[in-house]
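Structure, as structure tokens:
Small disclaimer: the values here were computed from a predicted structure and weren't measured. Residue numbering restarts at 1 for every chain, and letters A, B, ... go by the order of the sequence lines.
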Amino acid sequence: MKQTLFDKVWDSHVVKSINNGPDVLFIDRHMIHEVTSPVAFLGLKNRKLPVLYPERTFATADHNTPTLNQHLPVADPLSRNQLKALEENATAHGISYWGLGHKKNGIVHVVGPEYGITQPGATIVCGDSHTSTHGAFGAIAFGIGTSEVEMVLATQCIMQPKPKKMRISINGSLNHGVTPKDVALFIISKLTTSGATGYFVEYAGEVFEQLSMEGRMTVCNLSIEMGARGGMIAPDEKTFEYIKGREFTPQGSNWDKAMAYWKTLYTDEGATFDKELTFDGAEIDPMITFGTNPGMGMSITKVIPTAASVEGGAATYKKSLDYMGYNEGESMIGKPIDFVFIGSCTNGRIEDFRAFASIVKGKKRAKNVTAWLVPGSHKVLASIKEEGLLEIFEAAEFELREPGCSACLAMNDDKIPAGKYAVSTSNRNFEGRQGPGSRTLLASPLVAAAAAITGKITDPRTLIQ
Amino acid sequence: MAYDSFSILTSTAVPLPIENVDTDQIIPARFLKATERVGFGDNLFRDWRYNQDDSPKADFVLNDATYQGKIFVCGHNFGSGSSREHAAWAVYDYGFRCVVSSFFADIFRNNCLNIGVLPVQVSTEFLAEIFEAIQDDPSTQLTVDLHKQSIVLSSNGKSEFFDINDYKKDNMLNGYDDIDYLSNIKSEIEGFALNTPL
Ligand code: SF4
């Protein structure tokens, strides 16, 4: 039978199917962090259950961690307590733990691929919705709730019905100044935040083939923002090249064995999807969001649509524009901004900092802008220094912080103040996401860089030589 | 037995006719710092419910004594965004046992089922009718019957069938959870794991 990439990976992990019920899905690798795991460990304790396969779980601290002075004790007692709980739980159960200050520490979805935990054909889960990032390697990866974290710890399985399948193909090539982030925001603007609910997405076509692994991660990362369970891209030479030799990738004869399996991971010619969408790469411009969900995005050159022209309730749409302080029909270009945030598991990898540097090089930060540059991991931080990007940032009067989720969800001190506008490379522009009352505009690192230099929304193509 | 069982619930309902409500609104991230599952109900819709000085916002439905009950009726695409189960805990801890909407985000729906809150998906038309009925008369009751998979609006007796798979239905009726099931098939899982390279 003709199978899709998703079928191949899902079906080979089904321990058992329950009639008119879920599949019992075996999980190869499980990532945990401090926020969604403590109650799961508490559950295990109450049920007096051990962790079945501790070697399949990896712990890192990221959501709550400060991005300045990480060598000092964490000031917030609640955050400190959660970080301590993660360390204690990981240690007690023999789980590898990359805590604050550890050289492999960083955002869970950034460090997974960096150390080869993420592999083609694997099932990967984490108590965080952006686990979809790992799909860039041809893995089935998705976010789970805390009850499921407990299930995976106790049994290495979760129970879920098999999702429907959608393929999104984009052919042609991308225009100058258009990045993977723009591709993702473009797709979400077309599908809305619920357009892919119930589906697992495969991204296919020339545009995705041409993307780097970092770019593919950015696209897969944002799958959840259109409601999808996850997104994946068939592994190719670029994928194998990326993972080869990393700490947790197979070595020697195991590598050859793994490669033989990985090379079978593609959608068979003629396999069917429940839904197929096709776009042309040339349609995509640099994007920006103007509302309070990631589906409220548009080409940076367009004007804010009217309530009458969009799907969904007008009242909810207007409430959203009111929150943002914007009106229908306005242009985004030229709107003043206050903050810029470069980071998160969406755009906190080395390629994103290179893109940011390509625009700010030789210029100066706008005086009205506060910019937070937060690498996704220590490894990214080290590369920024090695590649000489730090000097470029410092000459342009930007300060580099230490790794973590930071202002992506503002659980630490990095909060955008109420009413202020932030151009962010992260993934969610929900009300208050970056701090109570904060107003977020999601965009690519290039758009963020252009805003940081000019102090207002600017088409980055006007600054690219 | 992992949580309360659910069979039939008859209650008045609290309406929130806003679409695309995300989990950051249901429970803002700064309240996710607990290491135990207690007290989340107090912060359900924290920023919609309270001003910055912690005084209640009079115009938000949870602060309006007119609307009470164990059923929460919400707009299309409820619970999008983050996977935080804390959002479902907050809904439960506040006192809701059932959430009704015309569409749920995947992870939120799953999280609800895993902790014993029943998500009931109805048609767009029926949802509009329910909102209208509650608005006209806040003492309007809804009856959710998990055995029959039906939801009935008391004001006009109209009802709709809702979907839930047999396995989850059985779990909810009995208060079992997935770990109970998985623990029972542990040897099968261990056998499977032998052929699964790390
Ligand atoms: S960077 Fe943001 S989206 Fe990514 S894991 Fe951290 S909090 Fe979640």
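The number of heavy atoms from other shown groups lying within 6.0 Å of NZ (B:Lys148) does not exceed 12. Atom CG of A:Asn254 has more than 12 heavy atoms from other residues, nucleotides or ligands within 6.0 Å. Around atom NZ of B:Lys186, no more than 12 heavy atoms belonging to other residues, nucleotides or ligands sit under 6.0 Å away. Around CD of A:Glu247, the count of heavy atoms belonging to other residues, nucleotides or ligands within 6.0 Å exceeds 12. In the displayed structure, B:Lys70 atom NZ is contacted under 6.0 Å by at most 12 heavy atoms of other residues, nucleotides or ligands.
Ranked by heavy-atom pairs under 4.5 Å with chain B, the list A:Ser129, A:Ala315, A:Ser320 is led by A:Ser129. Among A:Glu34, A:Glu225, A:Lys257, A:Glu148, the residue with the largest count of heavy-atom pairs under 4.5 Å with chain B is A:Glu148. The most heavy-atom pairs under 4.5 Å with chain B, out of A:Leu78, A:Val15, A:Leu42, come from A:Val15. In terms of heavy-atom pairs under 4.5 angstrom with chain B, the leader among A:Gln156, A:Lys415, A:His13, A:His130 is A:His13.
A donor-acceptor contact closer than 3.5 angstrom is absent between the side chains of B:Glu85 and A:Thr36. Checking B:Lys33 against A:Ser79 by side-chain atom types alone, a donor-acceptor pair falls below 3.5 Å. Checking B:Asn77 against A:Thr193 by side-chain atom types alone, a donor-acceptor pair falls below 3.5 Å.
Within the 4.5 angstrom heavy-atom criterion, atoms from both the backbone and the side chain of A:Leu409 approach chain B. Within the 4.5 angstrom heavy-atom criterion, only backbone atoms of A:Val14 (N, CA, C, O) approach chain B. When heavy atoms are compared at a cutoff of 4.5 Å, A:Tyr53 approaches chain B solely by way of its side chain, counted from C-beta outward. Contacts of A:Pro161 with chain B are made by side-chain atoms alone, with heavy-atom separations under 4.5 Å and no backbone atom involved. No part of A:Ala228 comes within reach of chain B, as not one of its non-hydrogen atoms sits under 4.5 angstrom from that chain. With a 4.5 angstrom heavy-atom cutoff, A:Thr192 does not touch chain B via any of its atoms. If you measure heavy-atom distances from A:Asn64 to chain B, the contacts under 4.5 Å come from the side chain alone.
Considering all non-hydrogen atoms of both residues, B:His86 and A:Val35 come closest at NE2-O, 3.7 Å. In terms of heavy-atom proximity, A:Ser194 sits nearest to B:Phe103 at CB-CE2, 3.7 Å. Contact between B:Phe104 and A:Thr197 at its shortest, heavy atoms only, is O-CG2, 3.7 Å. Between A:Gly127 and B:Ser83, the shortest heavy-atom distance links the atoms C-OG, 3.5 Å.
Rounding to the nearest 0.5 Å places CG of B:Asn20 at 7.0 Å from OG1 of A:Thr316. Put simply, CG on A:Leu52 and CD on B:Glu190 are 5.5 Å apart, with the number rounded to the nearest 0.5 Å. Distance check, rounded to the nearest 0.5 Å: NZ of B:Lys168 to CG of A:Asn20 gives 13.0 Å. Between atom CG of residue B:Leu182 and atom CD1 of residue A:Ile158 there is a gap of 9.5 Å, rounded to the nearest 0.5 Å.
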Pair A:Val39-B:Thr35, side chain to side chain contact (heavy atoms under 4.5 Å, CB included): steps then yes or no
CA-CA 6 Å; A:Val39 172; B:Thr35 51; over 6 Å; no
Could you give me the CA-CA distance, side-chain angles and deciding distance for A:Thr146 and B:Trp89, then say whether side chain to side chain contact (heavy atoms under 4.5 Å, CB included) is met? CA-CA 10 Å; A:Thr146 297; B:Trp89 298 342; 3.7 Å; yes
Verdict with supporting geometry, B:Ser82 and A:Arg428, side chain to side chain contact (heavy atoms under 4.5 Å, CB included): CA-CA 9 Å; B:Ser82 133; A:Arg428 287 184 173 142; 3.3 Å; yes
Intermediate values then yes/no, side chain to side chain contact (heavy atoms under 4.5 Å, CB included), B:Tyr181 and A:Met151: CA-CA 10 Å; B:Tyr181 182 91; A:Met151 273 174 233; over 6 Å; no
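The main-chain N or O of A:Glu431 is found under 3.5 Å from a side-chain atom of B:Gln25 such that the two form a donor-acceptor pair. With hydrogens and angles ignored, the 3.5 Å screen pairs a side-chain donor or acceptor of B:Asp106 with a backbone N or O of A:Gly198.
Applying side-chain contact (heavy atoms from CB on, under 4.5 Å) to A:Cys157 and the options B:Ile179, B:Ile185, B:Ile189, B:Asp178 leaves one that passes, B:Ile189.
Considering only heavy atoms from C-beta on, B:Glu188 comes within 4.5 Å of A:Lys16 through its side chain.
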